[in-house]
Amino acid sequence: MKQTIPIIDLADIGLENPSDAKEETVTRVSKELDDAFANVGFVYLKNHGIDQHTVDAVLRASQAFFQLPDDCKDVYRRNSTQYDGYSGVDQEILESKNLHEVREAYDITSLDSFFPDKHLPEFRQVISELVPKLCQLSHRLLRCLAKALDLDDEYFIRCHTMMCQGSDKNATTFRTLYYPSLADSAIKAGVERCGRHSDYGTFTLLFQDDIGGLEVFSGGEWVAAAPIPGTVLVNVGDLLQFWTADRYLATIHRVRVPEEEIRRRLARQSLAFFVHPDNDVMVSPLNGSKNHLPISALAHLNLRYSQTYKY
Ligand SMILES: O=C(O)CCC(=O)C(=O)O
Ligand SMILES: [Fe+2]
């Protein structure tokens, strides 16, 4: 049966409401999140409270960064020990059969990290406005998630206390993505914008521009995760699937090279916020299953990075 990605209204859980959400909203959102994560692994959230101006400002500054000459961007490259910084085309191959993944990215795990201040001072400024909001929204979702799984309300928040304080403490990463304009020669086997993969951590928040192209493998087929204005898309990561003993689905997704020439010629942008537990949190299935050894959040992530990055 064709699956659709549900939409949840966060109402007073959204960041526009500084005070605690009404208990009935928490109960409703927890139930809806539970259904969506168990059946599709992806969900759109509306009324999340992060205003579009803040998102657009980051998309604009990112575009300016990615359009800098390669030798400027090379100064900020990430590497196997330094997770913050720039990755160029083909540096991360998510689907091992792919020859090329035509995507650039810039990763940030701490607002005190290095930024391309010399070339583009506004990049740090606008990202510093968005990231704290993403942390706050993630905490509100973590509270709902604990309720959905009948845990005490603070259970997941206690495991995610150091988000955005540096990858030595917590690997939560803000990533701005840029898929450059493509030539016709890009339409061939083994070339994708983003190969099929699942995300690695707890969950991911994603804002995309209006170009489209993201697809989610659900109900036995690829379903378009089209951009819906005013929403943020959230998906379950591998670690949360493991944590919930496969109750929640870390659904595979990809971004294809568009067949229509107009869309292929346009660059695409998205902003992802990959939420991870603190590095030393030991994760084992919440149902008490002894089929797997506990693994630290950091060990789990390093294993996944070692499978996809080409340095
Ligand atoms: O750009 C997108 O829409 C998705 C990117 C993605 O799935 C990822 O970076 O993990
Ligand atoms: Fe992803």
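Counting starts at 1 for both ligands and their atoms, following the listed order. Note that the numbering runs from 1 along the sequence shown for the chain.
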* Work out whether the distance between some heavy atom of Gln208 and some atom of ligand 1 is less than 4.0 Å. => no
* Asked: Taking only heavy atoms of His253, which atoms of ligand 1 are found under 4.0 Å from at least one of them?
  -> 7 (O)
* To do: For Arg268 and Gln208, test the side chains for any donor-to-acceptor distance below 3.5 angstrom and give the result as yes or no.
  => yes
* Which part of Ala272 is near ligand 1, with near meaning a heavy atom under 4.0 Å away: side chain, backbone, both or neither? -> neither
* To do: Indicate the ring-plane relationship of Phe174 and Phe273, choosing parallel, tilted or perpendicular according to the 30° and 60° boundaries.
  => tilted
* Structure fact -> Within the 4.0 Å heavy-atom cut-off, what Val255 brings close to ligand 1 is side chain
* Asked: Less than 6.0 Å separating the ring centroids of Tyr76 and Tyr86?
  -> no
* Asked: So, Gln241 and Asp246: side-chain donor and acceptor under 3.5 Å apart, yes or no?
  -> yes
* Asked: Under 3.5 Å, is there a donor-acceptor pair linking the side chains of His276 and Thr202?
  -> no
* Can you pull out the closest protein heavy atom to atom 3 (O) of ligand 1? Residue, atom name and distance to 0.1 Å, please. => Arg268 NH2, 2.9 Å
* Of all N/O/S atoms in Asp199, which lies nearest to the Fe ion (ligand 2)? -> OD1
* Structure fact -> The closest protein heavy-atom partner of atom 8 (C) of ligand 1 is His197 NE2, 3.6 Å
* Scan side-chain atoms only and decide if Asp278 and Thr161 contain a donor-acceptor pair under the 3.5 Å cut-off. => yes
* **His253 near the Fe ion (ligand 2) via N/O/S, less than 2.8 Å** => yes
* **Nearest-neighbour protein heavy atom for atom 5 (C) of ligand 1, which is reported as residue plus atom name and distance** => Tyr179 OH, 3.4 Å
